[in-house]
Visitor: 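Please read through the structure below; I'll follow up with questions.
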Amino acid sequence: MDRSSLFQLIQEQLDPDNTGFIAVENFTSLVEHHELQLDPSKLDMLLALVQSNEEGQVCYQELIELMSSKRSSSFRRAIANGRRTLQREILLDETGLGLYKRFVRYVAYEILPCETDRRWYFHQNRLCPPPVFIAIVTIVQIIVFMCYGIMLNKWVLQTYQPDFMKSPLVYHPGHRAQVWRFFSYMFMHVGLEQLGFNALLQLMIGVPLEMVHGILRISLLYMAGVLAGSLTVSITDMRAPVVGGSGGVYALCSAHLANVVMNWAGMRCPYKLLRMILALVCMSSEVGRAVWLRFSPPLPSSGPQPSFMAHLSGAVVGISMGLLILRSYEESLQKQCSWWVIVFSFITFLLFAIFWNIFAYELLGVQIPPPP
């Protein structure tokens, strides 16, 4: 029996009046004898959903969402408050796993704070679509850096080379009308140390996040951090250029760290306190390095050095938008009021930044360094 046939059978036999609800005793009998092949965890969750209902009814729409690999917050609450405990609660007890499934289990314990969510992700995970966004961004950043390194014969402090700052990818306040620069600066880096730091964090944190939460949510979070970074610099550090993908990287990292802190008791990643301290030290050191290069450049330069404000604005995006995304695993963001509050706030900031870039520079008489 295929899935559509099962849905039709449920509706015709157990809900002929289209009330939207099914009696628990009838549905339990159907679930225990149906012919549809399900993952063991999904079957356990179906039975847990049935027996957790105190009104003797099962919501038909809730059932459809579960069978379609979608879960709502009400389903999560039903499982959390249910009288039935899921079998094989500890995912670490799974034996005989291949290399890929062991990696999936590792990702589940790194990212998700709830054992039910970890089991759900582990059993429903598929290779398609693969987590390609972070990988592609990192590869392009490395290629761009290698091209400019070979061309300039310089691998550190590349921003002191006039030819580097002439790149059409660098954000420069004198080229604000070229809108793509508000995004493309993420492919350029000051030197090998900044590229290495960003690439390492992107791959270590971004790839697992993309595996769990999907390419759409993680790419949205990353690009929101990148855009917020360049716009914040254009408002707060109006004479400075911007290079590097730190806005997106800090959005991912701060969202993940905030999610770990908010769900500290449920997270089962090993050495989480030590790793959190190490991550905060590394991120703070990178910000400190950027501040030093901005205000105390070690070499003579023809203009201001890249700003550090992209790091901070990326962190703000991660703590606000990113934290909500990571806490909404398998839940619809569009149905959450807090999501629309964050979207409205971001759009308001975006409109303010656009008007600022159009009018403020001239009204305030800002002396912009001549673009290279």
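Computation of the quantities below employed the complete heavy-atom set of this structure, encompassing side-chain atoms and omitting hydrogens, waters and symmetry-equivalent molecules. The residues of the chain are indexed from 1 along the displayed sequence. Not measured: the values here are computed from a predicted model.
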Visitor: How long is the straight-line distance from CE of Met186 back to CG of Leu227, given to the nearest 0.5 Å?
Guide: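 CE of Met186 is found 11.0 Å from CG of Leu227.
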Visitor: Between Trp340 (side chain only) and Gln334 (backbone N and O only), is there a donor and an acceptor less than 3.5 Å apart?
Guide: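 Judged by distance alone, yes, a pair lies under 3.5 Å.
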Visitor: Measuring centre to centre across the rings, with the benzene-like ring taken for any Trp, is Phe308 within less than 6.0 Å of Trp292?
Guide: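 Aromatic pair excluded; centres sit 6.0 Å or further apart.
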Visitor: Looking at side-chain heavy atoms only, is the closest gap between Leu273 and Trp264 below 4.5 Å?
Guide: yes
Visitor: Just wondering, do Pro304 and Pro369 contact through their side chains at under 4.5 Å, heavy atoms?
Guide: yes
Visitor: By the definition ring-ring contact (aromatic ring centres under 6.0 Å, His included), identify the one residue from Phe182, Trp180, Tyr185 that meets it with Tyr171.
Guide: Phe182
Visitor: Are any non-hydrogen side-chain atoms of Ile143 and Cys147 less than 4.5 angstrom apart?
Guide: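 The answer is yes; the side chains approach within 4.5 Å.
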Visitor: Under 3.5 Å, side chain of Lys154 to main-chain N/O of Gln161, donor-acceptor pair present?
Guide: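 No, Lys154 side chain to Gln161 backbone: no donor-acceptor pair under 3.5 Å.
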Visitor: Could you go through Phe197 and His189, starting from their C-alpha distance and side-chain angles, then the distance that decides it, and tell me whether this counts as side-chain contact (heavy atoms from CB on, under 4.5 Å)?
Guide: CA-CA 11 Å; Phe197 177 82; His189 287 82; over 6 Å; no
Visitor: Strictly by modelled atom types, are Ser167 and Tyr148 linked by a side-chain donor-acceptor pair under 3.5 Å?
Guide: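 Tyr148 and Ser167 do have a side-chain donor-acceptor pair below 3.5 Å.
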Visitor: So Arg275 and Cys269, do their side chains get closer than 4.5 Å, heavy atoms only?
Guide: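 The answer is yes; the side chains approach within 4.5 Å.
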Visitor: Can you list every side-chain hydrogen bond (donor to acceptor under 3.5 Å, both in side chains) pair that touches residues 249-263, not counting sequence neighbours?
Guide: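 Sorted result for residues 249-263: Asn259-Asn263.
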Visitor: Do other residues, nucleotides or ligands put more than 12 heavy atoms under 6.0 Å from the CE atom of Met151?
Guide: yes
Visitor: Is Ile277 close to Tyr271 at the side-chain level, that is, under 4.5 Å between some pair of heavy atoms?
Guide: no
Visitor: Can any side-chain N or O of His172 pair as donor or acceptor with the backbone N or O of Gly174 at less than 3.5 Å?
Guide: yes
Visitor: Once you round to the nearest 0.5 Å, how far does NE2 of His175 lie from CD1 of Ile368?
Guide: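 Between atom NE2 of His175 and atom CD1 of Ile368 there are 10.5 Å.
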Visitor: Should Thr232 and Phe349 count as side-chain neighbours, where that means a heavy-atom distance under 4.5 Å?
Guide: yes
Visitor: Give a yes or no on this: more than 12 heavy atoms of other residues, nucleotides or ligands lie within 6.0 Å of atom CD of Glu362.
Guide: no
Visitor: Are any side-chain N or O atoms of Arg118 and backbone N or O atoms of Leu112, one a donor and one an acceptor, separated by less than 3.5 Å?
Guide: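 Between the backbone of Leu112 and the side chain of Arg118 there is a qualifying donor-acceptor contact (under 3.5 Å).
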Visitor: Taking Lys272 for its side chain and Val261 for its backbone only, find out whether a donor-acceptor pair lies under 3.5 Å.
Guide: no
Visitor: Can you get from Met262 to Trp339 by hopping between Ile, Leu, Val, Met, Phe, Trp and Tyr side chains that sit under 4.5 Å apart?
Guide: no
Visitor: Quick one: pull up CG in Leu200 and OG1 in Thr138 and give me the separation to the nearest 0.5 Å.
Guide: 10.0 Å
Visitor: Would you call Pro131 and Ile215 a side-chain contact if the rule is heavy atoms closer than 4.5 Å?
Guide: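 Not touching, per the 4.5 Å side-chain cut-off.
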Visitor: Which heavy atom of Leu257 sits nearest a heavy atom of Met283, and at what distance?
Guide: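 Minimum heavy-atom separation between Leu257 and Met283: CD1-SD, 3.8 Å.
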Visitor: So which heavy atom on Gly225 is nearest to which on Ala251, and how close?
Guide: CA-CB, 4.1 Å
Visitor: Any chance CZ of Phe295 has more than 12 other-residue heavy atoms, nucleotides or ligands included, within less than 6.0 Å?
Guide: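 Enclosed.
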Visitor: Looking at Arg105 and Glu110, is any side-chain nitrogen of the basic one under 4.0 Å from a carboxylate oxygen of the acidic one?
Guide: no
Visitor: Measure the CZ-CG distance between Arg327 and Leu333 for me, rounded to the nearest 0.5 Å.
Guide: 12.5 Å
Visitor: Please assess Gln305 against Val190 for the test side-chain contact (heavy atoms from CB on, under 4.5 Å), listing each intermediate value before the final yes or no.
Guide: CA-CA 10 Å; Gln305 287 299 294; Val190 173; 5.9 Å; no
Visitor: Nearest 0.5 Å, please: how far is NE2 in His311 from CE in Met309?
Guide: 11.0 Å
Visitor: Determine whether a donor-acceptor pair (N or O, by modelled atom type, separation under 3.5 Å) exists between the side chain of Arg102 and the backbone of Leu97.
Guide: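 Such a contact is found between Arg102 side chain and Leu97 backbone.
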Visitor: Between Arg181 (side chain) and Gln178 (backbone), is there a donor-acceptor pair under 3.5 Å?
Guide: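 Flag not set: sc Arg181 to bb Gln178 has no pair under 3.5 Å.
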Visitor: Can a donor-acceptor pair be found between the side chains of Tyr222 and Gln202 at a distance below 3.5 Å?
Guide: yes
Visitor: Around atom OH of Tyr100, are there more than 12 heavy atoms from other residues, nucleotides or ligands closer than 6.0 Å?
Guide: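 Above 12, so yes.
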Visitor: Could you tell me whether Glu210 and Arg217 make a salt bridge, using a distance below 4.0 angstrom between a side-chain N and a carboxylate O?
Guide: no
Visitor: For the pair Phe352 and Trp356, name the ring-plane relationship: parallel under 30°, tilted 30 to 60°, perpendicular over 60°.
Guide: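 Tilted, since the angle between the ring planes falls between 30° and 60°.
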Visitor: Taking all non-hydrogen atoms of both residues, which atom of Gly206 and which atom of Leu252 are closest, and how far apart?
Guide: CA-CD1, 4.0 Å
Visitor: Are Met188 and Phe145 side-chain neighbours, meaning at least one heavy-atom pair lies under 4.5 Å?
Guide: no
Visitor: If we ignore hydrogens and angles and just use 3.5 Å, is the side chain of Asp237 paired with the main-chain N or O of Val233 as donor and acceptor?
Guide: no
Visitor: Of all the heavy-atom pairs spanning Ser246 and Gln194, show the shortest one and how long it is.
Guide: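 Closest approach of Ser246 to Gln194: OG-NE2, 3.6 Å.
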